[in-house]
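Below is one structure. I have some questions about it.
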Protein chains: 2
Amino acid sequence: MKSSPGATWSVGELASRFDLATHVLRHWEDVGLLKPDRDSAGRRRYGRDELVRVAVILRNKAAGMSLEQIAILLDAGAPDRHRVLEAHLADLDRRMQEMQLSRQMTEHALRCRAHDVANCPNFRTGIEDLLEGRSWPGDWH
Amino acid sequence: MKSSPGATWSVGELASRFDLATHVLRHWEDVGLLKPDRDSAGRRRYGRDELVRVAVILRNKAAGMSLEQIAILLDAGAPDRHRVLEAHLADLDRRMQEMQLSRQMTEHALRCRAHDVANCPNFRTGIEDLLEGRSWPGDWH
DNA sequence: GCTTGACTTCATGTCGACATGAAGTCACAT
DNA sequence: ATGTGACTTCATGTCGACATGAAGTCAAGC
């Protein structure tokens, strides 16, 4: 009952399914994100599980996570998993909030009559609040 | 009426105000984000405008924008400025949505009894929807 | 039997945004 | 006059996530 009927895919098949290059899948394997079975000839055989993992990787990469972070997500054996996951949530929230601020800024730049961002009074006021109360965001990268 | 009383700062002063290294400010100048005045001795003098620009840069960097993108934001002279700004908004929205999906995924991983993400049935179902309807996100980077 | 696809290791390149350091000049303040 | 901070150019390194290619092996399908 562990693995269902169990269709499997080769690197090439899986790669084209997700529109990736094969060496990307091998790279992810190199860094420990995937551990596909091998057939009698030593070729990679990816099952449903690996397919799901690839989907998870893509989703979280798209959300700006590093492979290292994703590794923790996927590693069920991590001791402080719970803590790490919550930290990740907090991280996501923080980043979304910063993007929200950037969004407001850009939206204002669109509506504002003053074409030069640096010369719009409303805009400056908003920013200068930030300059007094020094609440500067950490590096997002 | 253009520039108010006009306090100015040196590189060092501005850098420490924003907790940056001086070479970062010079780097941003190299790539065209800043154009500070010079004093009689050729030293950079940053005014209120530049200070605002630095704040804008930091905000948007924190939101994941590249310096190149920020340059467009700050360049009032760009012809297709309006289009670019709206594209940026759309980009932000798309990314926030992807982060939202990642968030849901992570939250589920926290609550779910199945510790291994790849083996949680609910989770898999959600993902496999994505596998059928091929709606894959572009590179975020 | 030959192509196709997969395998291996190893090395090197790319991109963005700096980081770091050398090497030398210049101006202002104590 | 000495130290401090600023200036310049030029070169090289760092990090993450691959990209690209070489060089050689191996196995299955037509």
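Within every chain, numbering begins at 1; the chains are lettered A, B, ... in the order of the sequence lines, protein sequences first and strands thereafter.
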Problem set entry | From D/dA6, C/dA17, D/dA28, nucleotide with atom closest to A/Arg43 side chain |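 Among the listed nucleotides, the one closest to the side chain of A/Arg43 is D/dA28.
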
Problem set entry | Residues forming a side chain to side chain contact (heavy atoms under 4.5 Å, CB included) with B/Arg83, sequence neighbours excluded |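 Once residues adjacent in sequence are excluded, the partners of B/Arg83 under the side chain to side chain contact (heavy atoms under 4.5 Å, CB included) criterion are B/Asp80.
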
For this session: Let me know the distance between CD of B/Glu68 and C1' of C/dG16, rounded to the nearest Å.
Result: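 Between C1' of C/dG16 and CD of B/Glu68: 10 Å.
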
Problem set entry | Separation of atom CZ in A/Phe18 from atom C1' in D/dC18, rounded to whole Å |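 My rounded result for the distance is 18 Å.
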
For this session: Whole angstrom is fine here: how far is it from CE in B/Met65 over to P in C/dG16?
Result: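 Result: 15 Å.
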
Problem set entry | Salt-bridge contact B/Arg44-B/Glu50 (side-chain N to carboxylate O under 4.0 Å) |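 Looking at B/Glu50 together with B/Arg44, the answer is no, because their closest N to O distance does not fall below 4.0 Å.
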
Exercise. Which parts of residues 26-41 of chain A get close to DNA chain C, meaning a heavy atom less than 4.0 angstrom away?
Worked result: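 Heavy-atom cutoff 4.0 Å gives A/Arg26, A/Arg38.
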
Exercise. Run the salt bridge (charged side-chain N to carboxylate O under 4.0 Å, His left out) check on B/Asp49 and B/Arg53 step by step: do they pass?
Worked result: CA-CA 6 Å; B/Asp49 283 15; B/Arg53 292 174 75 90; over 6 Å; no

Exercise. Can you check whether A/Arg44 has a side-chain N or O nearer than 4.0 Å to OP1 or OP2 of C/dC7?
Worked result: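 Yes, such a contact exists.
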
Exercise. Does B/Gln100 have any side chain to side chain donor-acceptor pair (under 3.5 Å) partners at least two apart in sequence or in another chain, and if so, which?
Worked result: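 Testing B/Gln100 for side chain to side chain donor-acceptor pair (under 3.5 Å), a comparison that skips the adjacent residues, returns none.
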
Exercise. Given atom CZ of A/Arg45 and atom P of D/dA27, what is their separation to the nearest angstrom?
Worked result: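 Computing the A/Arg45:CZ to D/dA27:P distance gives 16 Å.
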
For this session: Taking side chain to side chain donor-acceptor pair (under 3.5 Å) as the test, write out the residues that go with A/Asp37, two or more places apart.
Result: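 With sequence neighbours excluded, A/Asp37 shows a side chain to side chain donor-acceptor pair (under 3.5 Å) to no residue whatsoever.
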
Problem set entry | Non-neighbouring partners of B/Glu86 that pass salt bridge (Lys or Arg N to Asp or Glu O under 4.0 Å), sequence neighbours left out |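 So B/Glu86 forms no salt bridge (Lys or Arg N to Asp or Glu O under 4.0 Å) with any residue.
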
Exercise. Who are the side chain to side chain contact (heavy atoms under 4.5 Å, CB included) partners of B/Ala41, not counting sequence neighbours?
Worked result: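 Counting only residues at least two positions away or on another chain, B/Ala41 forms a side chain to side chain contact (heavy atoms under 4.5 Å, CB included) with B/Asp39, B/Arg43.
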
Problem set entry | Between C1' of D/dC7 and OH of B/Tyr46, the distance in whole Å |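 From B/Tyr46 OH to D/dC7 C1': 12 Å.
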
For this session: Looking at every strand, decide which applies to A/Thr22 at a 4.0 Å heavy-atom threshold: base, sugar-phosphate, or nothing.
Result: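 Here A/Thr22 touches no strand at all.
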
Exercise. Who pairs with A/Glu68 by salt bridge (Lys or Arg N to Asp or Glu O under 4.0 Å), at least two apart in sequence or on another chain?
Worked result: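 Listed in chain order: nothing, the list is empty.
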
Problem set entry | Results of salt bridge (Lys or Arg N to Asp or Glu O under 4.0 Å) for B/Glu13 - residues two or more places apart only |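 B/Glu13 satisfies salt bridge (Lys or Arg N to Asp or Glu O under 4.0 Å) with B/Arg45 once adjacent residues are dropped.
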
Every protein N/O lying under 3.5 Å from an N/O of nucleotides 19-22 of chain C:
| from | atom 1 | to | atom 2 | distance (Å) |
| --- | --- | --- | --- | --- |
| C/dA19 | OP2 | B/His23 | ND1 | 3.4 |
| C/dA19 | OP2 | B/His23 | NE2 | 3.4 |

